[in-house]
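A short write-up of the structure that comes next.
Computed over heavy atoms, backbone and side chain alike; hydrogens, waters and symmetry mates excluded. Note that the coordinates shown come from a computational prediction; the quantities given were computed from them, not determined experimentally. Numbering starts at 1 and runs along the sequence shown.
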Amino acid sequence: SKEYVDNWVTGAPGFESTDWYDLTMKDRSNFQQYNASVNGGSDKITYYMGFEHMRENGLLKSGDMGYQRFNLRSNVTAKLTDNLESQLLLGVRHSTRTQPGAGFFSIFKGTRVSLPTDYPYANGNPEYIRPTYLDQNPLALADRDITGYSEDRTQSLQSSFSLKYTAPFLEGLSFKGVFSYDLNNFQNKNLNKPYSLYNYDSIADRYVPVKYRDGSGSMSQRARLNQYLTFQGYVNFDRKFGKHKVGTVLVYEINTLNREDFNGRGIYGDFYTTDVLEFATDQEFVGSSPRQEADISYIGRLNYSYADK
């Protein structure tokens with residue numbers, strides 16, 4: 001009837017519509033970035049060190065989505081003798097990315113497909129989130145304590161140390177050795193919890209649970225550790241004899257990779273215990289795939305020119 005429609009239009013008591021996007025999403029995401037650096041030195045040594053911290057809090061009002069990163073870099077160059085120079089480069093990074101287990105797309109979809117005539121809470125009680133059309137209540141999907149979470153953590157190290165020797169006994173001749181060690185550690189955890197939403201039974205004055213993922217809640221975990229070792233040795237000769245110019249480079253390189261990869265998945269039965277794989281009701285899959293690689297390269301180059309032609 002026209003009166004029924006007018007009640008929804010005016011938001012009369014009992015006919016208040018629900019703005020699902022406003023309930024779930026913030027108007028803006030906060031972004032913070034901080035940088036600090038120091039550099040200096042003398043005629044024998046120079047140094048640089050820089051630090052960065054970045055944080056983004058995401059759009060969810062639940063506060064369960066975000067990203068943060070820490071970076072540290074340093075560079076130290078030292079002249080050890082008149083003919084010997086060293087350089088040390090270091091880079092360290094740590095980052096964390098978190099979001100509810102349903103994923104941002106499903107949460108956003110819930111704000112679009114949930115009907116404005118549905119209400120977010122059973123009997124208006126925020127302690128009891130209720131089911132909605134298509135079972136896409138975005139308030140539940142956006143809360144990691146209800147539905148679970150996805151979390152990525154990455155730690156990495158990049159390091160390089162080099163020595164360069166300029167031969168005093170032969171003009172234009174130099175030797176250089178570079179040793180580098182890189183490490184990358186990635187960890188991912190996905191938790192899909194069994195959970196309940198609630199309808200209100202006004203006659204019995206009680207909240208009736210509606211179970212989701214009952215017996216099919218799961219947790220998966222992955223970890224990958226990569227370690228890279230590289231050595232490069234250089235012999236350089238660059239000299240001019242009258243109108244003759246000779247340039248020679250010889251390079252020896254060896255690379256090694258050591259990788260450890262772990263994957264596991266567990267199923268939760270009638271109830272969820274804790275987000276540790278061994279406490280799942282059934283460990284459905286556990287596996288690992290170690291890997292090792294190595295290669296050696298030899299490179300040579302000879303340049304000759306006469307009268308710079």
Side-chain angles (χ1 to χ4, degrees), residues 17-36 50-73 91-116 118-122 125-156 184-198 212-213 217-224 263 265 268 272 274-277:
S17 62
T18 302
D19 186 339
W20 290 102
Y21 187 90
D22 183 66
L23 276 176
T24 310
M25 303 290 187
K26 297 185 291 187
D27 293 333
R28 63 186 64 87
S29 173
N30 295 323
F31 176 85
Q32 304 173 54
Q33 186 172 16
Y34 306 93
N35 293 277
F51 172 78
E52 178 204 38
H53 172 55
M54 189 270 279
R55 177 189 293 268
E56 185 176 0
N57 294 324
L59 286 171
L60 300 181
K61 285 186 175 180
S62 65
D64 290 336
M65 183 177 187
Y67 175 80
Q68 67 172 335
R69 184 182 70 214
F70 298 89
N71 280 345
L72 178 66
R73 290 197 171 275
V92 180
R93 176 175 175 173
H94 175 87
S95 64
T96 303
R97 187 187 306 273
T98 59
Q99 64 175 336
F104 184 80
F105 176 79
S106 295
I107 298 168
F108 180 78
K109 178 183 176 182
T111 67
R112 304 293 90 187
V113 302
S114 295
L115 300 177
D118 277 340
Y119 295 113
Y121 308 114
N125 187 342
E127 296 294 323
Y128 295 91
I129 297 178
R130 69 184 298 270
T132 59
Y133 175 67
L134 296 180
D135 294 325
Q136 292 282 316
N137 189 321
L139 289 179
L141 299 180
D143 192 332
R144 65 179 283 156
D145 291 334
I146 296 176
T147 58
Y149 62 85
S150 176
E151 184 175 85
D152 295 337
R153 294 181 181 272
T154 303
Q155 300 91 31
S156 63
N184 182 270
N185 182 28
F186 172 77
Q187 300 177 45
N188 167 263
K189 182 184 286 188
N190 288 289
L191 175 64
N192 294 290
K193 294 172 61 174
Y195 66 97
S196 295
L197 301 183
Y198 299 86
Y212 293 84
R213 301 176 187 161
S218 65
M219 192 192 81
S220 61
Q221 194 167 355
R222 179 186 177 190
R224 170 174 284 187
N263 293 276
R265 185 171 186 265
Y268 289 94
Y272 163 73
T274 185
D275 54 350
V276 178
L277 194 60

> Can you list the steps and then say if M25 with F108 is a side-chain contact (heavy atoms from CB on, under 4.5 Å)?
Replying inline: CA-CA 9 Å; M25 303 290 187; F108 180 78; 4.2 Å; yes
>> Counting only heavy atoms from other residues, nucleotides and ligands, does the tally under 6.0 Å from CD of E127 exceed 12?
In response: no
> Between L139 and P120, which heavy-atom pair has the shortest distance, and what is it?
Replying inline: CD1-CB, 3.6 Å
>> Donor-acceptor pair, distance only, cut-off 3.5 Å: does the side chain of T18 make one with the backbone of D118?
In response: yes
>> I'd like to check D152 versus F186 (side-chain heavy atoms, cut-off strictly below 4.5 Å). Are they in contact?
In response: yes
> Of all heavy-atom pairs between M65 and L60, which one has the smallest distance, and what is that distance?
Replying inline: CB-CD1, 3.7 Å
>> Using 0.5 Å steps for rounding, measure from the CD atom of Q136 to the NZ atom of K109.
In response: 5.0 Å
>> For H94, give me all partners under ring pair (Phe, Tyr, Trp, His ring centres under 6.0 Å), at least two apart in sequence or on another chain.
In response: none
Using a 3.5 Å cut-off and no angle test, enumerate the donor-acceptor pairs between side-chain atoms of residues 140-147 and protein atoms at least two apart in sequence or in another chain.
unit_1: D143; atom_1: OD1; unit_2: D145; atom_2: N; d: 2.9
unit_1: T147; atom_1: OG1; unit_2: A140; atom_2: O; d: 3.4
unit_1: T147; atom_1: OG1; unit_2: D143; atom_2: O; d: 3.3

> Within a radius of less than 6.0 Å around CZ of F105, do more than 12 heavy atoms belonging to other residues, nucleotides or ligands occur?
Replying inline: no
>> Do I107 and P100 have side chains that approach each other closer than 4.5 Å (heavy atoms only, starting at C-beta)?
In response: yes
>> I'd like to know if E52 and R73 make a salt bridge, using a cut-off of under 4.0 Å between side-chain N and carboxylate O.
In response: no
>> Ignoring hydrogens, what is the shortest heavy-atom contact between E56 and F31? Give both atom names and the distance.
In response: CB-CD1, 4.3 Å
>> Quick one, T96 with Q187, criterion side-chain contact (heavy atoms from CB on, under 4.5 Å). Give me CA distance, side-chain angles, the key distance, then yes/no.
In response: CA-CA 10 Å; T96 303; Q187 300 177 45; over 6 Å; no
> With no hydrogens and no angle check, is any side-chain donor or acceptor of Y67 less than 3.5 Å from a backbone partner on M54?
Replying inline: no
>> Testing the basics here: between Y268 and D275, what is the closest heavy-atom pair and its distance to 0.1 Å?
In response: OH-CA, 3.9 Å
>> Using a 6.0 Å cut-off, check whether atom CZ of R97 has over 12 heavy atoms from anything other than its own residue.
In response: no
>> Looking at L115, is its backbone amide N or carbonyl O close enough to the side chain of W20 to form a donor-acceptor pair, meaning the two atoms are under 3.5 Å apart?
In response: yes
> Would you say the side chain of R93 lies within less than 4.5 Å of the side chain of R69, judging by non-hydrogen atoms?
Replying inline: yes
> Which of these passes side-chain contact (heavy atoms from CB on, under 4.5 Å) with M219: K193, K189, R265?
Replying inline: K189
> Has R112 got more than 12 heavy atoms of other residues, nucleotides or ligands less than 6.0 Å from its CZ?
Replying inline: yes
>> Looking only at the side chains, is there a donor atom on one of N188 and N190 sitting less than 3.5 Å from an acceptor on the other?
In response: yes
>> Does the structure place the NZ or CZ of R130 under 6.0 Å from the centre of the six-membered ring of Y128, at an angle of no more than 45° from the ring's axis?
In response: no
> Rounded to the nearest 0.5 Å, what separation is found between the CG atom of N57 and the CD atom of Q68?
Replying inline: 9.0 Å
> Counting N and O atoms only, with roles assigned by atom type, does the side chain of T111 sit under 3.5 Å from a partner on the main chain of Y21, one being a donor and the other an acceptor?
Replying inline: no
>> Please report the interatomic distance OG(S150) to CG(D64), rounded to the nearest 0.5 Å.
In response: 12.5 Å
>> Using side-chain heavy atoms (C-beta onward) and a distance below 4.5 Å, is F51 in contact with Y34?
In response: no
> From R224 CZ over to T154 OG1, what is the distance, rounded to the nearest 0.5 angstrom?
Replying inline: 11.5 Å
>> Looking at every non-hydrogen atom in both residues, tell me the closest pair between N125 and Y121 and how far apart they are.
In response: O-CB, 3.3 Å
> In Å and rounded to the nearest 0.5 Å, what is the OG to OH distance from S17 to Y119?
Replying inline: 8.0 Å
> Which residues satisfy the ring pair (Phe, Tyr, Trp, His ring centres under 6.0 Å) test with Y195, sequence neighbours excluded?
Replying inline: Y212
> Between OG of S62 and CD of Q99, what distance do you get to the nearest 0.5 Å?
Replying inline: 11.0 Å
